[in-house]
Number of protein chains: 2
Amino acid sequence: MSQRNTQVTNQPTPATDDCPLPEVLALIGGKWSAQVLVELGEGPRRFTQLERAITGISRRMLTVSLRDLERNGLVTRTVYPDSPPRVEYATTSLIEDIREPLEALTNWARLAAPAITAARRAYDSSADSPR
Amino acid sequence: MSQRNTQVTNQPTPATDDCPLPEVLALIGGKWSAQVLVELGEGPRRFTQLERAITGISRRMLTVSLRDLERNGLVTRTVYPDSPPRVEYATTSLIEDIREPLEALTNWARLAAPAITAARRAYDSSADSPR
DNA sequence: CGGTATCCAGGGAGATACTG
DNA sequence: CAGTATCTCCCTGGATACCG
């Protein structure tokens with residue numbers, strides 16, 4: 001008898017339950033995943049290409065991010081039996097449909113950045129003491 | 001040389017590429033922020049309203065999320081000097097412009113969910129042998 | 001009602017070293 | 001070139017208790 005949860009949520013359906021937005025953000029919300037996707041959006045890239053394009057990323061985190069994206073079907077990994085070894089990463093068709101929303105978000109970020117900075121400053125100086 | 005530095009922002013911010021997508025995701029990429037925004041998108045809400053609408057959130061995390069969103073100028077907090085105390089949260093105009101991209105992402109999530117699940121299953125079963 | 005304060009577990013992420 | 005393997009740090013987020 002696997003009883004779920006002893007919570008008293010007898011409400012029908014909370015509006016946020018069927019909202020998969022947090023799950024999307026979990027997919028690409030990692031520190032580097034978004035940048036990897038953006039870079040791969042330009043076209044297929046090799047490992048070291050990505051490593052050099054994304055400032056500050058380590059080999060490990062690049063690997064982890066790529067594996068994660070690959071696991072979720074967002075990028076493909078193709079190994080060419082060359083010497084030296086050559087591996088190419090590319091976005092899948094799954095990505096195509098979020099390119100535009102993602103670009104919209106990026107665009108929004110550029111426009112909203114000043115306001116956000118101002119809001120932060122105002123909040124930080126009024127809420128409590130600096131330092 | 002190829003210094004394309006036109007801004008006077010001498011902040012110690014991590015000078016990533018000129019792609020602010022990661023920063024957007026940092027704004028709303030928390031576990032609950034997105035759901036709070038979605039809920040507030042329906043209209044102004046009180047604290048306990050939010051707490052009950054968002055299944056699984058704790059008081060602390062709701063407070064933290066709201067404070068964070070408020071600090072970044074994405075939501076407002078209005079205290080009415082009533083008894084019992086009454087506090088209302090609402091989205092700011094900053095949010096208006098990302099409502100649509102966010103909804104697009106949500107929509108994409110619904111459509112892509114099966115493919116993602118399948119990709120995960122395939123990856124997990126083919127990557128290597130369990131055990 | 002609308003929060004804070006405190007403690008604690010888990011994992012995201014960095015640094016470093018080694019490998020086919 | 002394209003990764004793994006550890007080890008560690010620290011931040012996020014959960015649980016609980018208390019406060020104005």
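Below, chains carry the letters A, B, ... as their sequence lines are ordered, and counting in each starts from 1. Values below: every heavy atom of this structure, side chains too, minus hydrogens, waters and symmetry copies.
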Separation of atom [atom1] in [X] from atom [atom2] in [N], rounded to whole Å:
X: M61(A); N: dT16(C); atom1: CE; atom2: C1'; value: 15 Å
X: E88(B); N: dG3(C); atom1: CD; atom2: P; value: 12 Å
X: E51(B); N: dC1(C); atom1: CD; atom2: C1'; value: 10 Å
X: D82(B); N: dG2(C); atom1: CG; atom2: P; value: 10 Å
X: Y80(B); N: dG3(C); atom1: OH; atom2: P; value: 13 Å
X: L62(A); N: dA15(C); atom1: CG; atom2: C1'; value: 16 Å
X: R67(A); N: dG12(C); atom1: CZ; atom2: P; value: 16 Å
X: R60(A); N: dT19(C); atom1: CZ; atom2: P; value: 19 Å

Taking atom types as modelled and ignoring hydrogens, do the side chains of R77(A) and Y89(A) form a donor-acceptor contact shorter than 3.5 angstrom?
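The answer is yes; a qualifying pair exists.
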
Side chains of L40(B) and V75(B) in contact at under 4.5 Å (non-hydrogen atoms):
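In short, these two side chains touch, coming nearer than 4.5 Å.
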
Is there side-chain contact between S33(B) and L69(B), with heavy atoms separated by less than 4.5 Å?
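Yes, close enough: below the 4.5 Å cut-off.
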
Quick check: does any side chain N or O of [X] sit under 3.5 Å from a backbone N or O of [Y], one acting as donor and the other as acceptor?
X: E51(B); Y: T48(B); value: no
X: W32(B); Y: I54(B); value: no
X: E103(A); Y: E100(A); value: no

What contact category does S58(B) fall into here, base, sugar-phosphate, or nothing, at under 4.0 angstrom with non-hydrogen atoms?
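The residue S58(B) makes no contact with any strand.
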
Between the two end axes of the helix from dC1(C)-dG20(D) to dG20(C)-dC1(D), each built from 5 base pairs, what angle do you get to the nearest 10°?
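About 50°, once rounded to a multiple of 10°.
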
Of all residues at least two apart in sequence or in a different chain, which pass the side-chain hydrogen bond (donor to acceptor under 3.5 Å, both in side chains) check with R86(A)?
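R86(A): side-chain hydrogen bond (donor to acceptor under 3.5 Å, both in side chains) contacts with D82(A).
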
Can we say E39(A) and R45(A) salt-bridge, meaning some charged N sits less than 4.0 Å from an Asp/Glu carboxylate O?
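Judged by the 4.0 Å cut-off on N to carboxylate O distance, E39(A) and R45(A) do form a salt bridge.
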
Which atoms form the tightest heavy-atom contact between D68(B) and L27(B), and what is the distance?
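Answer, listing the atom of D68(B) first, then L27(B): OD2-O, 3.9 Å.
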
Whichever of L66(A) and G30(B) has its nearest DNA chain D nucleotide further upstream toward 5':
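Its nearest nucleotide lies further toward 5', so the answer is L66(A).
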
Quick check: on DNA chain D, is the nucleotide nearest R59(B) upstream (toward 5') of the one nearest R46(A), or the reverse? Name the residue that is more 5'.
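Its nearest nucleotide being more 5', the pick is R46(A).
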
Going 5' to 3' along DNA chain D, which are the first and last nucleotides with any atom under 4.0 Å from a heavy atom of chain A?
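The contact span of chain A on DNA chain D goes from dC1(D) to dT6(D).
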
